[in-house]
Amino acid sequence: MKKVYLGLFSIALTALSNAQVNSSIVSIKQSRYDSFQVSAKKDHLSAKTEGDVLWTNDFSTPSDWTIGNNPTGTPPHTLGDWAIVNALPTSLTSQAPTYGFPTTIGSGNFALVNSDAAGSGQTQNTYIETTVALASILTTNGSSPNTPIYLKFTEIYRHFYDKNFVQISNDGGATWTTIEVNPISEVPVNTNSANPEFETVNISSILAGGNWTNNVKIRFLYQGDYDWFWAIDDVKLVEAYANDAKITMIAQSTDAATTEGLDYYRIPVSQTSFPGLTFGAQVLNNGGSDQANVTLKVTGPGSYSQTSNAVSVAAGATDTLEITAPCAIPAAAANYTIDYTTDLGAGVTDGDPTNNQKSITVVRDQYLYGRDNNNPTGGITQVTSQDGAELKIGNLMEVFNQMEVAGVQVRLLNQAAAVGQEINCVIEIYNANTQSFDYFAETEYYEIQQADLANFVTIPIDGGSVSIPQGSLILVMAHHLGGANEVGFAYAQPTFQGSVLGYTADGNRFQLTDPGAIMIRLSENPSLSVAQNAANVNVNVFPNPVVGEATVEVNGAVASTVTVVDLTGKIVHTTTASEGISKVTFDTTHFAAGVYTVNISTDKGTVTKKMIVKN
């Protein structure tokens with residue numbers, strides 16, 4: 001199994017203070033037949049118009065392409081060339097259930113570069129290039145010599161730190177102009193494509209306004225180092241629109257002036273003081289003409305409708321548009337749709353309206369509070385250099401009104417080896433005096449079942465519901481105990497750097513660079529606040545994990561015997577409590593590090609707890 005290593009995301013409308021987090025930054029790893037013919041019937045009586053397909057190729061004739069590599073490039077190519085195939089290899093499809101990437105791109109042949117199969121220590125700098133006279137094809141299909149051109153293609157991928165490029169040459173390959181597609185700013189590390197994804201690249205300016213010659217060539221270049229894969233199909237040349245604003249990325253957050261500026265997608269009805277959301281988007285001018293009045297409009301629940309300030313965006317350039325007036329989320333439990341749309345100003349019609357709108361759904365939930373958008377894009381099992389070790393990982397969140405938290409919900413990856421393993425969740429509260437986080441509460445330990453894979457599990461708070469005070473900044477984390485097969489926790493949309501934190505096995509806190517929001521949520525469902533077993537007794541074991549002295553505290557009964565059992569079933573410690581005493585303390589320095597079961601026999605029955613020893 002791959003570990004998941006996260007990279008770089010920054011459309012940040014705000015950033016969390018470094019003084020508040022004071023954490024080290026780490027990486028994590030988990031984890032037909034056309035034969036170059038035009039797709040439309042030839043029309044010798046009229047010229048092509050905007051949006052018409054001029055040429056298409058679907059890799060059904062491999063000789064239409066040549067494959068090469070750059071052994072002296074950066075990185076140098078060692079292993080893992082492009083190939084024309086008709087199915088993803090088993091080495092990839094076997095990992096798809098864990099990481100959720102698409103495995104098909106249509107029927108028939110397609111081009112694939114597979115960095116994952118090349119393995120550790122191998123690097124890729126490889127390309128696949130056209131071999132046909134493109135200018136003759138364009139002229140035959142009625143295009144004028146200076147026609148603006150889009151290069152369009154279908155793709156599927158999973159990204160790590162690999163890079164994808166389109167290259168254009170109009171001198172027969174002597175020199176190339178390079179355009180990066182799927183950059184980290186749009187496609188963060190450990191992100192999957194849509195199923196499939198449709199890419200559009202405006203290449204007009206590279207060819208001096210579309211003056212094509214038969215020296216023009218097109219390449220797809222891939223650079224990787226034990227990364228994932230890139231597959232492409234249905235390559236087309238299309239007459240470009242003069243006016244085309246494309247939304248490439250969207251974000252939302254709370255107002256940074258009054259909050260930590262975090263993104264939230266699921267807000268419980270208890271959070272009546274939730275301050276609403278603000279919005280931002282990156283917009284690409286994907287047309288052939290400069291645009292002087294590009295705006296972003298966002299509409300939401302109720303009568304919310306706001307438009308950003310207008311900006312000028314040159315052809316091929318990208319700009320960021322923001323709306324700072326907050327959108328209130330109605331108090332009633334429901335799903336609320338928020339739409340982002342670009343506009344080019346009075347009298348200008350967008351030639352391709354399919355790419356100038358995106359939407360998100362924000363849920364006002366009866367019980368759940370979370371920052372993920374409910375769309376898993378990958379998962380984390382461990383950080384670098386910590387294989388087999390314990391891990392905690394989760395999200396910062398703000399409590400705007402007091403919460404009665406009964407449990408924590410977390411989504412697991414689809415890992416067969418996780419069945420039978422134990423996890424729990426931990427809540428910490430930020431302490432402004434120490435600029436650190438203090439332990440607050442944790443859930444019971446939970447043994448993973450087959451039905452839990454690729455699903456959410458909800459785990460009750462150990463000892464019953466806890467009240468989190470209004471105004472608290474908290475860290476909500478999923479926790480696995482390590483081992484040869486580490487449990488993986490899913491993450492969703494890219495989120496703000498500094499807002500996903502965790503602890504390594506040695507207790508050091510870290511933050512992830514360019515993180516995805518961990519799919520972990522607080523639950524106020526009162527049905528979770530039940531006795532932890534038939535004893536109907538509230539028992540706490542602390543500190544947990546423990547180094548040195550452990551304490552068992554019993555509320556609602558008298559502890560008579562405390563028995564500690566290791567994973568083999570051996571009793572390693574027994575303490576007898578005196579009548580009327582509700583606390584017992586014992587030394588663990590002679591215990592081996594690991595997980596233990598603590599059985600507390602009381603006058604009302606027996607309570608079982610888990611204890612982690614880290615001596």
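Residue indices begin at 1 and follow the sequence shown.
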*Asks:* If the condition is ring pair (Phe, Tyr, Trp, His ring centres under 6.0 Å), which residues does H159 pass it with, not counting sequence neighbours?
*Replies:*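 By the ring pair (Phe, Tyr, Trp, His ring centres under 6.0 Å) rule, H159 matches Y157.
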*Asks:* Hey, are H479 and N424 close enough side-chain-wise for a donor-acceptor pair under 3.5 Å?
*Replies:*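 Distance-only check passes for N424 and H479.
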*Asks:* For E486 and Q386, which heavy atoms make the closest approach, and how far apart are they?
*Replies:*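 Smallest interatomic distance, heavy atoms only, reads OE2-O, 3.6 Å.
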*Asks:* Sort out for me which residue in N285, V283, L284 forms a side chain to side chain contact (heavy atoms under 4.5 Å, CB included) with V313.
*Replies:*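 The residue from N285, V283, L284 that satisfies side chain to side chain contact (heavy atoms under 4.5 Å, CB included) with V313 turns out to be N285.
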*Asks:* Which atom pair, heavy atoms only, marks the closest approach of N182 to E199?
*Replies:*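 Minimum heavy-atom contact is OD1-OE1, 3.3 Å.
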*Asks:* Counting N and O atoms only, with roles assigned by atom type, does the side chain of T191 sit under 3.5 Å from a partner on the main chain of V187, one being a donor and the other an acceptor?
*Replies:*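 No, the answer is negative, given that no donor and acceptor are paired below the 3.5 Å cut-off.
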*Asks:* Evaluate side chain to side chain contact (heavy atoms under 4.5 Å, CB included) for Y127 paired with N70, printing each intermediate quantity in order.
*Replies:* CA-CA 8 Å; Y127 59 83; N70 302 307; 3.8 Å; yes
*Asks:* How about K236 and F153: do any of their side-chain heavy atoms sit closer than 4.5 Å?
*Replies:*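 The answer is no, as the side chains (C-beta and beyond) never meet within the 4.5 Å cut-off.
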*Asks:* Has R371 got a side-chain atom pairing as donor or acceptor with S499's backbone, closer than 3.5 angstrom?
*Replies:*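 Flag set: sc R371 to bb S499 pair under 3.5 Å.
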*Asks:* Does N508 reach the side chain of Y503, with side-chain heavy atoms less than 4.5 Å apart?
*Replies:*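 The answer is no, as the side chains (C-beta and beyond) never meet within the 4.5 Å cut-off.
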*Asks:* Report yes if some heavy atom in the side chain of T154 is under 4.5 Å from a heavy atom in the side chain of I232; otherwise report no.
*Replies:*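 The answer is no, as the side chains (C-beta and beyond) never meet within the 4.5 Å cut-off.
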*Asks:* Any side-chain heavy atom of V181 sitting closer than 4.5 Å to one from F165?
*Replies:*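 Answer no - side chains too far apart.
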*Asks:* List the atom of G280, the atom of Y340, and the distance in Å for their closest heavy-atom pair.
*Replies:*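 That would be O-CE2, 3.6 Å.
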*Asks:* Does the salt bridge (charged side-chain N to carboxylate O under 4.0 Å, His left out) test come out yes or no for D227 and R158, once each step is laid out?
*Replies:* CA-CA 9 Å; D227 293 293; R158 178 171 170 81; over 6 Å; no
*Asks:* Can you classify the ring geometry of F59 versus W65 as parallel (below 30°), tilted (30 to 60°) or perpendicular (above 60°)?
*Replies:*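 The rings of F59 and W65 lie parallel, inter-plane angle below 30°.
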*Asks:* Would you sort out whether V235 and W55 count as a side chain to side chain contact (heavy atoms under 4.5 Å, CB included), showing the intermediate values?
*Replies:* CA-CA 8 Å; V235 181; W55 165 83; 3.9 Å; yes
*Asks:* Does Q415 reach the main-chain N or O of G488 with its side chain, forming a donor-acceptor pair under 3.5 Å?
*Replies:*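 Side chain of Q415 to backbone of G488: a pair is present.
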*Asks:* Could you check if a side-chain atom of P543 sits within less than 4.5 angstrom of a side-chain atom of Y439, using non-hydrogen atoms only?
*Replies:*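 Of all side-chain heavy-atom pairs linking Y439 with P543, none is under 4.5 Å.
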*Asks:* With side chains defined as the heavy atoms from C-beta onward, is the minimum distance between T177 and S169 less than 4.5 Å?
*Replies:*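 They are not in side-chain contact.
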*Asks:* Can we call the ring centroids of Y226 and F160 under 6.0 Å apart?
*Replies:*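 When the ring centroids of Y226 and F160 are compared, they turn out to be at least 6.0 Å apart.
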*Asks:* Do you know the tightest heavy-atom contact between T126 and W82?
*Replies:*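 What the structure gives for the nearest pair is O-NE1, 3.2 Å.
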*Asks:* Does I218 reach the side chain of L151, with side-chain heavy atoms less than 4.5 Å apart?
*Replies:*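 Yes, at least one pair of side-chain atoms sits under 4.5 Å.
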*Asks:* Between the side chain of N395 and the main-chain N/O of I518, is any donor-acceptor distance below 3.5 Å?
*Replies:*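 Side chain of N395 to backbone of I518, a donor-acceptor pair under 3.5 Å: yes, one is there.
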*Asks:* Under a 4.5 Å cut-off applied to non-hydrogen side-chain atoms, are W176 and K217 in contact?
*Replies:*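 With C-beta onward as the side chain, the pair touches.
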*Asks:* Measure the spacing between CD of E444 and CD1 of I459 and express it to the nearest 0.5 Å.
*Replies:*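 Rounded to the nearest 0.5 Å, the CD-CD1 separation comes to 9.0 Å.
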*Asks:* Judged by atom type as modelled, is there a donor-acceptor pair below 3.5 Å linking the side chain of Q124 to the main-chain atoms of G80?
*Replies:*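 Answer holds: no.
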*Asks:* Kindly write out the residues that satisfy ring pair (Phe, Tyr, Trp, His ring centres under 6.0 Å) with F101, not counting sequence neighbours, or none if the list is empty.
*Replies:*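 For F101, the residues satisfying ring pair (Phe, Tyr, Trp, His ring centres under 6.0 Å) (neighbours in sequence not counted) are W228, F229.
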*Asks:* For C425 versus V410, what's the shortest heavy-atom pair and its separation?
*Replies:*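 For C425 and V410, the tightest heavy-atom pair comes out as SG-CG1, 4.1 Å.
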*Asks:* Can you list everything that forms a salt bridge (charged side-chain N to carboxylate O under 4.0 Å, His left out) with K163? Sequence neighbours excluded, please.
*Replies:*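 K163: no salt bridge (charged side-chain N to carboxylate O under 4.0 Å, His left out) contacts found.
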